[in-house]
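Okay, so here's the structure we're looking at.
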Protein chains: 6
Amino acid sequence: MPVLTINMIQGRTLDQKRSLVDEVTKAVCKTISVSPDRVRIIINEVPEDSYAIAGELMLDKNNKG
Amino acid sequence: MPVLTINMIQGRTLDQKRSLVDEVTKAVCKTISVSPDRVRIIINEVPEDSYAIAGELMLDKNNKG
Amino acid sequence: MPVLTINMIQGRTLDQKRSLVDEVTKAVCKTISVSPDRVRIIINEVPEDSYAIAGELMLDKNNKG
Amino acid sequence: MPVLTINMIQGRTLDQKRSLVDEVTKAVCKTISVSPDRVRIIINEVPEDSYAIAGELMLDKNNKG
Amino acid sequence: MPVLTINMIQGRTLDQKRSLVDEVTKAVCKTISVSPDRVRIIINEVPEDSYAIAGELMLDKNNKG
Amino acid sequence: MPVLTINMIQGRTLDQKRSLVDEVTKAVCKTISVSPDRVRIIINEVPEDSYAIAGELMLDKNNKG
């Protein structure tokens, strides 16, 4: 512990993921006083046709533009 | 909030997903009195070799029938 | 399958939960063609001090208003 | 999106939670370029009798030490 | 990794939880060849008014019988 | 119920998955007294660039060694 899951829309670069897990881990360690090796993060990349706000898929929202 | 996750077996069409998130969002708004833009849905499509009932993968269950 | 998780802020009545699972189940069955007994729903009631938007706990957001 | 879930052992103070969601949100925004109001965080506080490492409950691990 | 979440109806004893995490960890280690200290399990105890099958809360199902 | 989610690094064989769900289901049934047909397992295979320990992606950890 802590174990984090980050759901985000598909398509970030590998470098963005590297920075994301690095910075989020630091934020967790700093604020709730755990050592970094205790922090686990699972990234779940969600396709645009599998995420909806207000009953509308992100895919359709983006195509409206 | 609310944030919903829907785990379902892979293979529905895009139109089925569209109807799914639309109708589920309406059901949530109607019953717990939230506005639609507050409702977020993440669909998780699970492959047949990654879901099991009674200790048997869906893949093997379907190949028997 | 399908297995749904509904995260929502704590405090709905039992009758609201009853309607919620009833209507959401119907919405799922109607749109992706599964029989009702296949649908499972887990409600996760999140306390106001455990949900944040834009880096602010719901508890603090509500106390401002 | 993004939607984060943070599972952590029960018992942090309200101020720790405040800092946690604030700092984690900033880390997410900075690294994957989203605006803060898009970031949602659900904290799940896990009791010591409901988390295990290596097949042993945290409760029992802590009582040994 | 692996990180497991076990959702189950509230009410098991502490000893049942102890056996559960012990046996499940062994089953994971044996079948996918990981060492026990890599296995983490989060138990999520779901109240009877927060779990539904076929659109009916477990609470109501049990009160019928 | 129970509903289990198993997050593990991508790359196990189909036979490993078969054994995993079989043995884990037995472990659950034995320890908390449920019948096998009540047990549902969702496997979530996480790519090496989507899992981090101590702020470092598994992908980078493995490439060092």
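Note that the structure is a prediction, hence the values are computed from the model and not measured.
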* Which portion of A/Lys26 sits near chain D, non-hydrogen atoms under 4.5 angstrom -> neither
* Check for a donor-acceptor pair, side chain of A/Tyr51 on one end and backbone N or O of D/Met1 on the other, with a separation under 3.5 Å. => yes
* **Nearest-0.5 Å distance that lies between atom CG in A/Asn7 and atom OG1 in D/Thr5** => 6.5 Å
* Spacing of A/Gln10 atom CD and A/Ser50 atom OG [to the nearest 0.5 Å] -> 8.5 Å
* **Residues in residues 14-22 of chain D that sit under 4.5 Å from chain A, counting heavy atoms only** => D/Gln16, D/Ser19, D/Leu20
* When heavy-atom pairs shorter than 4.5 Å are enumerated against chain D, which of A/Thr25, A/Ile32, A/Val28 gives the highest number? -> A/Ile32
* Which pair of heavy atoms, one from D/Gly55 and one from D/Ala52, lies closest together, and at what distance? -> C-CB, 4.5 Å
* Close contacts, residues 35-47 of chain A versus chain D, judged by heavy atoms under 4.5 Å -> A/Val46
* **Minimum-distance pair of heavy atoms, taken over all atoms of D/Glu48 and D/Asn62** => OE2-ND2, 2.6 Å
* To do: Of all the heavy-atom pairs spanning A/Glu23 and D/Thr31, show the shortest one and how long it is.
  => CG-CG2, 3.4 Å
